Q: 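Just dropping this structure here.
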Amino acid sequence: MTTAPDRLLRRLEWKLGRCLDGRLQGSYRTVWHGAGLDFTDLRAYTSEDDVRHIDWNVTARVDEPFVRLYTEDREMTAWLVIDRSASMRFGGGAGKESTAADLAISIGRLISQGGNRVGAILFDNASRRVVPPRTGRDQVLRIARELTKNVAKKSDKTTDLAAMLHLAATTTSKKRSLVFVMSDFIGDPGWDRPLARLAHRHEVVVIRVVDPAELELPDLGLILVEDAETGEQLLVDTSDPLLRARLTEQVGAHEREVAEAMRRAGVDPHRITTDQDMLATLVDMVRRSGRRPR
């Protein structure tokens, strides 16, 4: 009997095959490669190089920056770090949680096709689930099952994003990995430092999932709104121009805060909204990753 996670995986595999047909070159099935640790050579630093690869001893001796070159592994370990807090269950259509789940499963299947190991960390304030990395389609199906399970009820606290990123850092600390962080980044501040530490140790791809209604409040008249994180309810008139102006200002301030925190963490996030074509966004991520200097 075919289960819901299996149907979901089959559907995404079919769509993924059509969207990425011809975009992956050679026998290696993904543009995200492993990061090897075998030193091979030195060369002069360029502005496109990762500063973490600078050899400071050689640089000091010759008074010119040099970077270390490594043999790249053909296999890697990838982690899917997925925020499953209450705010992720907001959104029109399938919602942010479903968008993140579809994207995580698609990325997991894409990477696993190269014989790579994929693991997952599912986080909210009440529960934390770690799926150890393994290879194969069955592993992606295992992650899909976890993502389709019901999550904990709402709490009276906002999401502790720093704790999620700290859990990711401690769980993935054994070997340099490729880490995908999927969240709406709605939660307690102070997550930029643990994100920076995670990005220092691993190659981190941040995917911020947003619903259009969070960016611009639709004019729906008098409605009851509820804080997705705490459950607090408030009756508001969405047609009030003063209210709409205040909310627009608050949204702008929040967007600037998130952008500045990402900058401090040293990451360039991808943003996807729930009304976008999720797989088209994935194709764009593949293109951008393929152009990025390694």
Side-chain angles (χ1 to χ4, degrees), residues 3-13 16 29-30 32 34 75-89 94-152 159-185 187 191 194-195 198-199 201-209 269-270 272 278-279 281-282 285:
T3 63
D6 188 65
R7 289 195 298 271
L8 173 62
L9 180 54
R10 288 176 184 273
R11 173 175 60 84
L12 292 173
E13 283 176 331
L16 193 62
R29 293 295 298 164
T30 175
W32 293 296
E75 296 181 356
M76 67 175 173
T77 298
W79 286 91
L80 307 170
V81 181
I82 306 163
D83 178 2
R84 302 203 74 204
S85 61
S87 65
M88 288 291 289
R89 297 194 284 277
K96 293 187 289 185
E97 182 180 54
S98 180
T99 298
D102 284 2
L103 191 57
I105 295 168
S106 298
I107 290 173
R109 186 62 183 129
L110 176 62
I111 291 176
S112 68
Q113 288 177 348
N116 301 303
R117 293 161 21 112
V118 181
I121 300 170
L122 283 58
F123 180 94
D124 65 39
N125 286 338
S127 64
R128 305 167 187 193
R129 176 78 172 100
V130 176
V131 181
R134 292 189 177 88
T135 60
R137 185 181 186 277
D138 286 346
Q139 171 70 353
V140 181
L141 184 57
R142 186 177 298 113
I143 295 172
R145 290 194 190 102
E146 292 295 331
L147 287 170
T148 54
K149 288 181 180 178
N150 292 329
V151 294
T159 308
D160 191 346
L161 294 171
M164 179 183 77
L165 295 167
H166 178 71
L167 174 63
T170 54
T171 304
T172 62
S173 61
K174 293 183 180 181
K175 181 181 179 182
R176 180 171 172 82
S177 305
L178 175 60
V179 180
F180 293 88
V181 179
M182 303 177 199
S183 172
D184 54 10
F185 288 90
W191 47 263
L195 179 58
L198 186 67
R201 180 70 180 85
H202 303 289
E203 182 178 355
V204 173
V205 179
V206 170
I207 302 170
R208 185 177 170 218
V209 186
H270 302 266
I272 179 172
M278 183 270 298
L279 290 177
T281 301
L282 179 56
M285 287 175 55

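Not measured: the values here are computed from a predicted model. Values reported hereafter were calculated over all heavy atoms of this structure, with side chains retained and with hydrogens, waters and symmetry mates removed.
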Q: Looking only at heavy atoms, which two atoms of A168 and V81 are closest? And how far apart?
A: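 Taking every non-hydrogen atom into account, CB-CG2, 3.9 Å.
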
Q: Is the shortest heavy-atom distance from the side chain of V205 to the side chain of I107 under 4.5 Å?
A: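 When only atoms from C-beta onward are counted, I107 and V205 do not touch, as no gap falls below 4.5 Å.
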
Q: Of the non-hydrogen atoms in D184 and S87, which two are nearest, and what is the gap between them?
A: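 Smallest interatomic distance, heavy atoms only, reads OD2-OG, 2.7 Å.
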
Q: Could you report the tightest heavy-atom contact between V204 and A199, atom names first, then the distance?
A: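 Closest approach of V204 to A199: CG2-CA, 3.5 Å.
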
Q: Can you list the residues that meet the ring-ring contact (aromatic ring centres under 6.0 Å, His included) rule with W79, with sequence neighbours excluded?
A: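 ring-ring contact (aromatic ring centres under 6.0 Å, His included) list for W79, sorted by chain: empty.
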
Q: Out of curiosity, T171 OG1 to H166 NE2, how far, rounded to the nearest 0.5 Å?
A: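 Result: 9.0 Å between the selected atoms.
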
Q: If you round to the nearest 0.5 Å, how far is CD1 of I272 from CG of D102?
A: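 Between D102 CG and I272 CD1, I get 9.0 Å after rounding to 0.5 Å.
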
Q: Pair F185, V206 - check side chain to side chain contact (heavy atoms under 4.5 Å, CB included), show working.
A: CA-CA 10 Å; F185 288 90; V206 170; 3.6 Å; yes

Q: Give a yes or no on whether the backbone of D160 and the side-chain of N125 come within a donor-acceptor separation of less than 3.5 Å.
A: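 Here the side-chain-to-backbone pair exists.
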
Q: Rounded to the nearest 0.5 Å, what's the gap from CE on M164 to CG on D83? Could you check?
A: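 These two atoms lie 5.0 Å from each other.
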
Q: E146: which residues meet the side chain to side chain donor-acceptor pair (under 3.5 Å) condition with it, sequence neighbours left out?
A: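 Result, side chain to side chain donor-acceptor pair (under 3.5 Å) vs E146: R129, K149.
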
Q: With the side chain counted from C-beta on, respond yes when I111 and L178 share a heavy-atom pair under 4.5 Å apart, and no when they do not.
A: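 With C-beta onward as the side chain, the pair touches.
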
Q: Sequence neighbours excluded, which residues qualify as side chain to side chain donor-acceptor pair (under 3.5 Å) partners of H202?
A: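 H202: side chain to side chain donor-acceptor pair (under 3.5 Å) contacts with T172.
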
Q: What is the minimum heavy-atom distance between W191 and A162, and which atoms define it?
A: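 Looks like CB-N, 4.0 Å.
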
Q: For the residue pair V131 and Q139, establish whether any side-chain heavy-atom pair is separated by less than 4.5 Å.
A: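 Counting from C-beta outward, V131 and Q139 do come under 4.5 Å.
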
Q: Mind running side chain to side chain contact (heavy atoms under 4.5 Å, CB included) on R89 and K96 for me, showing each step along the way?
A: CA-CA 6 Å; R89 297 194 284 277; K96 293 187 289 185; over 6 Å; no

Q: Considering non-hydrogen atoms only, spot the tightest contact between A104 and L80 and give its length.
A: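 In this case the closest contact between A104 and L80 is O-CD1, 3.4 Å.
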
Q: Would you indicate whether the side-chain heavy atoms of R84 and L147 approach each other to under 4.5 Å?
A: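 Result yes, sub-4.5 Å side-chain heavy-atom pair found.
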
Q: With rounding to the nearest 0.5 angstrom, report the CD to OG distance, E203 to S177.
A: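 Between atom CD of E203 and atom OG of S177 there are 10.5 Å.
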
Q: Should I105 and V140 count as side-chain neighbours, where that means a heavy-atom distance under 4.5 Å?
A: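 Yes, at least one pair of side-chain atoms sits under 4.5 Å.
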
Q: Is there side-chain contact between R208 and H270, with at least one heavy-atom pair below 4.5 Å?
A: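 No. Closest side-chain heavy atoms not under 4.5 Å.
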
Q: In Å, rounded to the nearest 0.5 Å, how long is the span from NZ of K175 to CE of M76?
A: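 Interatomic distance, K175 NZ to M76 CE, rounded to 0.5 Å: 10.5 Å.
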
Q: Roughly how far, to the nearest 0.5 Å, is OG of S98 from CG of L103?
A: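 Rounded to the nearest 0.5 Å, the CG-OG separation comes to 11.0 Å.
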
Q: Considering non-hydrogen atoms only, spot the tightest contact between T77 and P133 and give its length.
A: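 Nearest heavy atoms, T77 then P133: CG2-CB, 3.8 Å.
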
Q: Within the 4.5 Å heavy-atom criterion, are I121 and R128 side-chain neighbours or not?
A: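 No, too far: nothing below the 4.5 Å cut-off.
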
